[in-house]
Amino acid sequence: MSTPNTATRRAVRVDVIPPAAAEEPSPVVSEEEAEALVTEFGIGEGDLDEAVYDAANKDAADEYNDGAHPELSDDDAYEEVHDAADVRASSVNNQGATAQVQFLAECCGTAEGLRSLLEDLTSPPAARELTAAI
C-alpha cells in the first residue's frame, strides 16, 4: 500500500517597501551664500582657478590611492583620475566665481573651512606671513 503524495499550498504575504528616494545632499553653502562670499572677499575672475584645480586633483589623488580603476595599469589609473579632475576643474572654473566657491566649499566640508581657505587665498602674501608668525 502506497501513501499518496500530497502538497499543501499556503498563502504567503510579503510586504515590500521600496527604498526611500535618495535625496541630493544639501550644499555646504547655497548659491546666495557663495555670491555673498565672492563679494565679501573681493574675488575676481580667475582668482580661484588654481585653487579649484588643486582641490580637484587632491580628490583625484585620494581616488587613485583608494584603488580607482583596478583594471588599468598604475600609470594609466593615475592619468585617468587626474585627467578627469582637470576636466571637472575646468568646467567649474568656466562657471564663474560663485560656482568655484561652492566647489571649494564641498572640498572643505564646512563653511568655516571654506572661510579659512578664502582668507588664505585672498590675503596679500605679507599679511599671510604676519598671520602665520602670530
Side-chain angles (χ1 to χ4, degrees):
M1 185 160 160
S2 70
T3 309
N5 290 333
T6 60
T8 305
R9 180 174 246 177
R10 296 182 186 182
V12 177
R13 181 180 168 166
V14 178
D15 290 329
V16 177
I17 301 171
E23 290 185 26
E24 189 75 23
S26 59
V28 174
V29 295
S30 69
E31 187 173 346
E32 293 78 21
E33 292 169 320
E35 288 173 1
L37 289 168
V38 167
T39 301
E40 177 183 340
F41 285 95
I43 298 168
E45 186 177 331
D47 288 349
L48 299 179
D49 287 359
E50 187 176 335
V52 169
Y53 274 101
D54 289 346
N57 278 283
K58 184 206 173 294
D59 285 347
D62 291 343
E63 185 181 343
Y64 169 76
N65 289 333
D66 288 342
H69 305 290
E71 73 280 3
L72 300 176
S73 72
D74 209 35
D75 289 341
D76 288 344
Y78 181 89
E79 289 297 323
E80 181 73 24
V81 297
H82 285 284
D83 287 348
D86 287 344
V87 168
R88 183 171 182 213
S90 178
S91 174
V92 170
N93 285 340
N94 288 336
Q95 295 174 49
T98 300
Q100 290 174 318
V101 168
Q102 286 186 292
F103 177 79
L104 292 172
E106 294 302 318
C107 293
C108 290
T110 65
E112 295 80 23
L114 173 64
R115 277 192 160 281
S116 178
L117 175 65
L118 293 176
E119 287 171 3
D120 288 346
L121 293 172
T122 59
S123 64
R128 282 195 299 261
E129 291 172 14
L130 179 61
T131 304
I134 296 178

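- When all heavy atoms of L104 and A51 are compared, the closest pair comes out as CD2-O, 3.7 Å.
- The environment of CZ in F41 is crowded: more than 12 heavy-atom neighbours from other residues, nucleotides or ligands sit within 6.0 Å.
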Please test N93 against S90 for side-chain hydrogen bond (donor to acceptor under 3.5 Å, both in side chains), starting from the C-alpha separation and ending with a verdict.
-> CA-CA 5 Å; N93 285 340; S90 178; over 6 Å; no

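- Side chain of T122 to backbone of L118: a donor-acceptor contact under 3.5 angstrom is found.
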Take E40 and R115, measure what side-chain contact (heavy atoms from CB on, under 4.5 Å) needs, and give me the verdict at the end.
-> CA-CA 10 Å; E40 177 183 340; R115 277 192 160 281; 2.8 Å; yes

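- A donor-acceptor pair is defined here as one N or O able to donate and one able to accept, closer than 3.5 Å; such a pair exists between the side chain of S123 and the backbone of E119.
- Residues Y53 and L117 do not share a hydrophobic cluster, clusters being chains of Ile/Leu/Val/Met/Phe/Trp/Tyr side chains in contact below 4.5 Å.
- For Q95, the CD atom sits in a packed shell: over 12 heavy atoms of surrounding residues, nucleotides or ligands are nearer than 6.0 Å.
- Residues A68 and A77 share a closest heavy-atom pair of O-CB, 3.6 Å.
- Of the charged side-chain nitrogens involved, at least one lies within less than 4.0 Å of a carboxylate oxygen, so that D62 and K58 count as a salt-bridged pair.
- For the atom pair CG (D59) and NE2 (H82), the distance works out to 10.5 Å, reported to the nearest 0.5 Å.
- Rounded to the nearest 0.5 angstrom, N94 CG and D49 CG are separated by 8.5 Å.
- With values rounded to the nearest 0.5 angstrom, D75 atom CG is found 13.0 Å from E80 atom CD.
- When hydrophobic clusters are built by joining Ile, Leu, Val, Met, Phe, Trp and Tyr residues whose side-chain heavy atoms come closer than 4.5 Å, directly or via intermediates, L48 is grouped together with V28.
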Yes or no on side-chain hydrogen bond (donor to acceptor under 3.5 Å, both in side chains) for D47 and Q100, after CA distance, side-chain angles and deciding distance?
-> CA-CA 10 Å; D47 288 349; Q100 290 174 318; over 6 Å; no

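- Residue L37 holds its CG atom at 10.0 Å from CD of Q102, rounded to the nearest 0.5 Å.
- Residues A60 and A85 come closest through the heavy atom pair CB-CB, 3.7 Å.
- Counting heavy atoms from C-beta outward, S30 and E33 have side chains that approach closer than 4.5 Å.
- Within the model, atoms OH of Y64 and NE2 of H69 stand 11.5 Å from one another, a figure rounded to the nearest 0.5 Å.
- Side-chain N or O atoms of E31 include none that pairs as donor or acceptor with a backbone N or O of T98 at under 3.5 Å.
- Between the side chain of E106 and the backbone N or O of F103, no donor-acceptor pair lies under 3.5 Å.
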